[in-house]
Amino acid sequence: MAIFYLTCADDGEADKISKALLEKRLVACAKKLPVSSAFWWKGKIDNAKEVLVMLESIDENFDKINAVVKKLSSYETYILFSIPISKTTKEVEDWLKKELR
């Protein structure tokens, strides 16, 4: 199991990507939060209002998730991380197995 961490330009983009991933059953759940980001970009520090999407899935789906994000993200360089989950409840494990392809 893994949590995927994805930043999107706005709510609309976050919703579009989340819906596509859910419809393909690559993720079982998508949670989004507004964030203020400060980052290095093209040699200078920049700031942006973004949407952080946390996606619940399995690490084996990374390449398929990445392919969908690559098609739908407006960013030249988007942030997509996979964070492994070392422990959870049996109920969560069963739910993920049931919902994912």
Side-chain angles (χ1 to χ4, degrees):
M1 293 175 302
I3 297 293
F4 291 81
Y5 172 111
L6 172 68
T7 50
C8 297
D10 56 35
D11 267 339
E13 183 171 284
D15 289 343
K16 179 173 63 172
I17 292 171
S18 295
K19 184 178 180 188
L21 293 170
L22 285 161
E23 286 176 345
K24 292 179 182 294
R25 293 209 176 248
L26 294 174
V27 302
C29 181
K31 295 177 173 82
K32 64 181 185 172
L33 303 161
V35 294
S36 297
S37 300
F39 50 91
W40 280 99
W41 185 246
K42 297 187 178 182
K44 66 177 186 154
I45 295 175
D46 201 353
N47 297 282
K49 299 286 185 199
E50 297 181 294
V51 176
L52 169 63
V53 184
M54 294 184 304
L55 305 158
E56 298 170 11
S57 189
I58 55 175
D59 198 51
E60 293 82 4
N61 282 349
F62 183 88
D63 291 339
K64 291 176 185 174
I65 290 170
N66 186 43
V68 171
V69 172
K70 190 172 193 166
K71 285 182 184 176
L72 299 177
S73 177
S74 65
Y75 285 154
E76 180 181 335
T77 303
Y78 54 86
I79 300 299
L80 177 64
F81 297 134
S82 173
I83 304 164
I85 303 301
S86 62
K87 290 184 182 182
T88 190
T89 65
K90 180 179 178 345
E91 293 81 7
V92 170
E93 286 181 18
D94 292 344
W95 170 69
L96 277 173
K97 287 176 188 173
K98 178 183 170 202
E99 299 301 335
L100 297 175
R101 289 193 176 140

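Only a predicted model underlies this, so the values are computations on that prediction, with no experimental measurement involved. Scope of the values below: all heavy atoms of this structure, side chains included, with no hydrogens, waters or symmetry mates.
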Indicate, with yes or no, if [Y] and [X] share a hydrophobic cluster defined by side-chain heavy-atom contacts under 4.5 Å among Ile, Leu, Val, Met, Phe, Trp and Tyr.
X	Y	result
V27	V51	yes
L72	V69	yes
I3	V92	yes
F4	L100	no
I65	I58	no

To the nearest 0.5 Å, what is the distance between [atom1] on [X] and [atom2] on [Y]?
X	Y	atom1	atom2	answer
E56	W95	CD	CH2	4.5 Å
K71	I17	NZ	CD1	12.5 Å
S82	F62	OG	CZ	6.5 Å
I85	S57	CD1	OG	11.0 Å
E23	S18	CD	OG	11.0 Å
L80	C8	CG	SG	9.5 Å

Review point. Going by heavy atoms in the side chains, are K31 and L52 under 4.5 Å from each other?
Key: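 No, side chains not in contact.
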
Review point. Got T77 and W41 here, is their nearest side-chain heavy-atom distance under 4.5 Å?
Key: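 Yes. Closest side-chain heavy atoms under 4.5 Å.
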
Quick one: closest heavy-atom pair of [X] and [Y], and the distance?
X	Y	result
C29	L22	N-CD2, 4.0 Å
M54	L33	CE-CD1, 4.1 Å
A28	E99	CB-CB, 4.2 Å

Point to revise | Option from I83, D59, L96 for which side chain to side chain contact (heavy atoms under 4.5 Å, CB included) with M1 holds | key: L96

Exercise for review: Only one of N61, V53, V68 passes side chain to side chain contact (heavy atoms under 4.5 Å, CB included) with L21; say which it is.
Suggested key: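 When N61, V53, V68 are each tested with L21, the side chain to side chain contact (heavy atoms under 4.5 Å, CB included) holds only for V68.
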
Point to revise | Salt-bridge contact D94-K98 (side-chain N to carboxylate O under 4.0 Å) | key: no

Check your understanding: Is it true that K42 and E76 make a salt bridge, defined as a side-chain N closer than 4.0 Å to a carboxylate O?
Key ->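 The answer is yes: the pair qualifies as a salt bridge.
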
Check your understanding: Take atom CZ in F39; do more than 12 heavy atoms of anything else shown fall under 6.0 Å from it?
Key -> yes

Point to revise | Qualifying residues under salt bridge (charged side-chain N to carboxylate O under 4.0 Å, His left out), relative to D11, sequence neighbours excluded | key: K32

Point to revise | Pairs flagged by side chain to side chain donor-acceptor pair (under 3.5 Å) wherever residues 45-54 is involved - sequence neighbours left out | key: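 Pairs touching residues 45-54 that pass the test: S36-K49, S37-E50, E50-Y75.
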
